[in-house]
Protein chains: 2
Amino acid sequence: MSRQAPTLEDVAREAGVSRATVSRVVNGVRNVDPDIQDLVRHAIERTGYTPNRAARSLVTRRAETVALIVSGAKDAFAARVFADPFFGRVVSGVVGYLRARSMHPVLLFAESEAGRKQVVDYMRQGSADGALVVSILADDPLPEMLLSAKVPTVLFARPGRTAPISYVDVDHRAGGGLAGARLLARGCRHIAAISAPPELPAGQDRLAGFRDALARADRCPPPVVEGAFTLDSGAAAMTTLLREHPEVDGVFAANDLMAQGACQVLREQGRRVPEDVAVVGFDDSSIAMTCRPPLTTVRQPVEDMASTMAKLLHEQVEGARTEPRTVIFEPELVVRESA
Amino acid sequence: MSRQAPTLEDVAREAGVSRATVSRVVNGVRNVDPDIQDLVRHAIERTGYTPNRAARSLVTRRAETVALIVSGAKDAFAARVFADPFFGRVVSGVVGYLRARSMHPVLLFAESEAGRKQVVDYMRQGSADGALVVSILADDPLPEMLLSAKVPTVLFARPGRTAPISYVDVDHRAGGGLAGARLLARGCRHIAAISAPPELPAGQDRLAGFRDALARADRCPPPVVEGAFTLDSGAAAMTTLLREHPEVDGVFAANDLMAQGACQVLREQGRRVPEDVAVVGFDDSSIAMTCRPPLTTVRQPVEDMASTMAKLLHEQVEGARTEPRTVIFEPELVVRESA
DNA sequence: ATGAAAGCGCTAACAG
DNA sequence: CTGTTAGCGCTTTCAT
């Protein structure tokens, strides 16, 4: 990066044509004589020319870059977010779509008010053409900030507050239904649930779908104990369930972490999983596989969702679509050993 | 991003000063009258001005961006790389350093010859100021390609081929020593190892350090079975070990995945971990915690390493240092239940 | 089909 | 301390 890089001008001189012509062949614009194209191409090769990104962006007003924003994670928490395979799957899906279009994701954090401002600024500088937002918390103010800064934006998961923003999501309700149906199919007679914190709409949907499934089978409404999406809260909820409903033989936990906590308590109390009590989780996180026993769980097609998210953004940037769109994906039951 | 964004010119007009002056206050250059600074700041606020990144980059020749390149992962494999918590920890460390300097990481893949070319091109366009490379495979050609394109580069882990490139790494040999010492301290009499594939120098170093530790304690050289860093290979190796050395009571596996495989086989064959056979892994991956029993393992300070990597790159970009540097980190024994 | 010329928005000498 | 003046390298009318 030290010696002066060759510019369009250099190539033009070398090929004996004008800058404009070289620019045309570089960008594959038609209306260029094939012979001259060759001429230019050779000159490019000889000079080792590569277009300068900044100069191009300055005039095209395109960064060929999208921001992948993890929003809502507190500082200390940030490391965990990245270490979670879920994040990796999102990255993988996004990259899968972008790379074919020679676009690249820039990683951004927004874990505080200041962080959100910085992110918005970053976007307003034109550093990226649009934003892909993964919010950790419900009620994240970032999407609306982006919206009012007129930054093309697509979210992973439905926003807490309704707003005209595109997003992708999974059909949580259907997922809960899958879990309920599985427990029913196993012949469980006394089914219960460990639910999500009430402020998470997705969690409520999972529970609703689960209840639907039982209702469709003419079962009475199941006992539900609220959890907090953590291992400990799952364990605590299971303890409560066991005390108040010792006859329980099937449990749906609204995420894998709580399912794992439940399994631990079950084992400690001498109940076998799945023989005595069947357990179904949600998310198919890495825990699901390493848990003992491996968890039967509901899987979100995260990679597909992420790549669709990138696609929606791309279309929005290209101006092909302007009205917000939402795409909902079907979850899938992954049967392992716990149910 | 639709309506015309205000430019320096607009702010200058609004404040009744020249563009240069506005530029100076925006960039915090001294030599500006405090009163005028205020004037300008207000004008900036009124107009809602944000500097245009491309225009600035064009003249400063700085992208304020570094590329974080995952190199050597085959396409299908790519998803796994990202899903591995290790990658998340790298990202976390890198971001930790960069964010304070308002720089951002762009994610790049290079899984084939074509991919590597694209990456080099990307860098030559000036899209990023330097490259942070995490190679999955030994003998990755990318670092040298970057080197000859004069792209400032820092690697995670020592390169396969020796080259004048900066890198950070952990003292693998010391790590192996830690593992050996732990097994010794537990009082194991018959210690064995499941080693890494021979083409990975880091794996060989781990084994060497492990052997050193035993030698220092006047033990005879331990039996070693080669693994391939996978769960299955760890299980297979353990099976072999048990057959050929049924008296074994302590095992060092060169990574956690193989350690987990070993634990599974041990349990299946009715050996208790750690009572009958103690097991030490390497990496402190997420598996280590979810494994049954939780793995005693050797931890690399990945976040620190990654942020140091970013720092070395930054210094190199700033021109403060020109000769390649390497920083080696001390590994740490994480004691859990398996040994 | 090609060239000439006008910027894109910003920074950085250089004057004053 | 502030303003003037050149560009940075590229795309894109507008002529030709």
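In the text below, chain A, chain B and the rest are named by the order of the sequence lines, each starting its count at 1. On a predicted model such as this, the values are computed, not experimentally measured, just so you know.
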Atom pair distance, as rounded to whole Å: CD1 in A:Ile44 and C1' in D:dC10: 13 Å
Between A:Pro105 and A:Leu68, the two heavy atoms sitting closest are CB-CB, 4.5 Å
Considering only side-chain heavy atoms of A:Ala20, which listed nucleotide, C:dT11, D:dT12, D:dG3, is closest? D:dT12
Checking contacts here: which listed nucleotide (C:dC10, D:dT11, C:dC8) is nearest the side-chain heavy atoms of A:Leu58? C:dC8
Are B:Thr21 and D:dG3 close enough that a side-chain N or O sits under 4.0 Å from OP1 or OP2? yes
From CZ of B:Arg56 over to C1' of D:dC10, roughly how many Å is that when rounded to an integer? 20 Å
Would you indicate what A:Val17 reaches in the nucleic acid, counting non-hydrogen atoms under 4.0 angstrom: base, sugar-phosphate, or nothing? sugar-phosphate
Let me confirm one number: the CG-CD distance from A:Leu147 to A:Glu144, rounded to the nearest 0.5 Å. 7.0 Å
Mind checking whether B:Phe87 and B:Phe156 have ring centres under 6.0 Å apart? no
A:Arg53 side chain N/O closer than 4.0 Å to the phosphate oxygens (OP1, OP2) of D:dG9? no
Phosphate OP1/OP2 of C:dA1 contacted by A:Asn31 side-chain N/O (<4.0 Å): yes
Check: B:Arg19 side chain, D:dT4 base, donor-acceptor under 3.5 Å: no
Please state whether the phosphate of C:dT11, meaning OP1 or OP2, lies under 4.0 angstrom from any side-chain nitrogen or oxygen of B:Ser23. yes
Spacing between A:Glu9 atom CD and D:dT11 atom P, to the nearest angstrom: 13 Å
Is A:Ser18 near enough to C:dG3 that one of its side-chain N or O atoms lies under 4.0 angstrom from OP1 or OP2? yes
Against the six-membered ring of A:Tyr97, is A:Arg101 placed for a cation-pi contact (under 6.0 Å from the centre, within 45° of the normal)? yes
Check the phosphate of C:dC8 against B:Asn52, side-chain N and O only, distance under 4.0 Å to OP1 or OP2. Yes or no? no
Any base atoms under 4.0 Å from B:Arg24, or only sugar-phosphate, or nothing? Heavy atoms, all strands. base
Which nucleotide, C:dA1, D:dT2, C:dA12, lies nearest any side-chain atom of A:Asp33? C:dA1
